[in-house]
Q: 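This is the structure I want to talk about, given as structure tokens.
Naming: A, B, ... by sequence-line order, numbering from 1 per chain.
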Number of protein chains: 2
Amino acid sequence: MKKTAGREPAVSKKISEKKEQIRLHLKQKGFKATRQRDIIAGEFLRSGEHVTAEDLYKNISRKHDDIGFTTVYRTLKLLSRSGLATERVFADQLTRYEPISSESHHDHLICLKCGAITEFENLKMERLQEKIADEFGFHIVTHKMEFYGYCRACR
Amino acid sequence: MKKTAGREPAVSKKISEKKEQIRLHLKQKGFKATRQRDIIAGEFLRSGEHVTAEDLYKNISRKHDDIGFTTVYRTLKLLSRSGLATERVFADQLTRYEPISSESHHDHLICLKCGAITEFENLKMERLQEKIADEFGFHIVTHKMEFYGYCRACR
DNA sequence: CATATTATTGAAATTGAATTTCATTTTCTT
DNA sequence: AAGAAAATGAAATTCAATTTCAATAATATG
């Protein structure tokens, strides 16, 4: 699952850039820059997407046993409230977090066997959604669309 | 919100029919027919859709203070497991139940202001979903689609 | 640069919905 | 009507999410 431990300049650069971005964003909003938030933000960006607070806490506490669950949890909440992360809840009822990217809203394919979460976006779908909502005089603010089933590997 | 208290022969008939249907279904599956299950099933069918176990319990306990929350909860679970009801979880994280109708799967429009839940189904949407899933080699078992926003009355 | 102010931290406590336990009661079978 | 099996309901438990609070750390200010 994990890549080899060699250098990954492009990826690392991206992460440190994003990390800096987060730091600035938070600063700007009047929050304090702390060692913990730095580590948590970094690890969050590095982690696969769709991590739970618990997941992230476990990852982090391996290297940093002085960072508590509460702080990880609160930092994820903080990032979410600040518009830098998104909370999502799938069928297992756990709250998962995902860094906000510049990309537009996306939806999810969730494998019932291996649990893999694949993202997709589809313009036609967006248009159709708007059209349907219009028919009901409904103004969509956000939506949730998830497909549960079996991925290519598992079916 | 509530209709006048007059006779509603058509609706009542439907409910007692469905109630009988449920009773038979359960019987057939080897469950026992009890006074409580009768009352709960009847009230469940009568209740607006998308009730929580708590909602239903409150309704029922007004008239039947000997029926406990646990039994309401277990009956809803039982109906769900038996394919006579569906569980759904929306953004508020509460589990809601809905009687199964013969109609096909439907999706939901949820008003962020008044909380109204409107159902819809759309064939084009279903087809598009299949098409998208196919592109990923994904086999859809079930899906979830919810629009959050403002209904005609609230916007 | 010392210190006051204010936010953050982390352990532990709390919450609240969901679920389970268990002694008692009810239903169904024979 | 008696026994076996299932259902009931109050209370207990679970578990993720959230809050509390005393201690600590970061920033602002003199």
Q: For B/R96 and B/E87, what are the C-alpha separation, side-chain angles and deciding distance, and is it a salt bridge (charged side-chain N to carboxylate O under 4.0 Å, His left out)?
A: CA-CA 6 Å; B/R96 288 162 197 280; B/E87 295 186 1; over 6 Å; no
Q: Return the value, rounded to whole Å, for the distance between atom OH of A/Y57 and atom P of C/dT9.
A: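 Going from OH in A/Y57 over to P in C/dT9 covers 15 Å.
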Q: Please tell me whether B/D55 and B/H50 have a donor and an acceptor in their side chains that are separated by less than 3.5 angstrom.
A: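 Judged by distance alone, the side chains do not pair up.
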Q: To the nearest Å, how far apart are B/L76 CG and C/dT19 P?
A: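 From B/L76 CG to C/dT19 P: 11 Å.
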Q: Starting at the 5' end of DNA chain C, which residue's closest nucleotide do you reach first, B/E54 or A/D65?
A: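 By nearest-heavy-atom nucleotide position, the 5'-most residue is A/D65.
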Q: Could you state the atom-to-atom distance from NZ of B/K77 to C1' of C/dT19 in whole Å?
A: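 Checked: the NZ to C1' distance equals 8 Å.
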Q: Starting from P on D/dA10, measure out to CD1 on B/I67 and report it in whole angstrom.
A: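 Roughly 11 Å, once rounded to whole Å.
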Q: Check whether any side-chain nitrogen or oxygen of A/T95 sits under 4.0 Å from OP1 or OP2 of D/dA17, and answer yes or no.
A: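 Yes, because at least one side-chain N or O of A/T95 sits under 4.0 Å from OP1 or OP2 of D/dA17.
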Q: Expressed as a whole number of angstroms, how long is the span from B/L78:CG to C/dA18:P?
A: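 In whole Å, C/dA18 P lies 17 Å from B/L78 CG.
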Q: Counting primed atoms plus P, OP1 and OP2 as sugar-phosphate and everything else as base, spell out the protein contacts along nucleotides 19-30 of chain D at 4.0 Å heavy-atom distance: B, S or - for each nucleotide, 5' to 3'.
A: BB-----BS---
Q: Between D/dA17 atom P and A/E87 atom CD, what is the distance in whole Å?
A: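 So the two atoms are 9 Å apart, to the nearest Å.
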Q: Does B/T52 reach a base, just sugar-phosphate, or nothing at all? Heavy atoms under 4.0 Å.
A: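 Nothing: the residue B/T52, judged by heavy atoms under 4.0 Å, touches no strand.
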Q: What is the separation between atom OH on B/Y97 and atom C1' on C/dA17, rounded to the nearest whole Å?
A: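 Nearest whole value for this atom pair: 10 Å.
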Q: How about B/F147 and B/F120: are their ring centroids closer than 6.0 Å?
A: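 Yes; B/F120 has its ring centre under 6.0 Å from that of B/F147.
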Q: Contact between B/L78 and B/L84 at the side-chain level, heavy atoms closer than 4.5 Å - yes or no?
A: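 B/L78 vs B/L84: side chains apart.
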Q: Please report the interatomic distance NE2(A/H108) to NE2(A/H106), rounded to the nearest 0.5 Å.
A: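 Answer for the NE2-NE2 pair, A/H108 versus A/H106, is 3.5 Å.
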Q: Rounded at 0.5 Å granularity, tell me how far CZ in A/R88 sits from OG1 in A/T52.
A: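 These two atoms lie 15.0 Å from each other.
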Q: Considering only NZ, NE, NH1 and NH2 on the basic side and carboxylate oxygens on the acidic side, decide whether A/E146 and A/K144 come within less than 4.0 Å.
A: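 A/K144 and A/E146: salt-bridged.
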Q: B/R37 has an atom CZ; how far is it from atom P of C/dT26, in whole Å?
A: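 After rounding, the reported distance stands at 15 Å.
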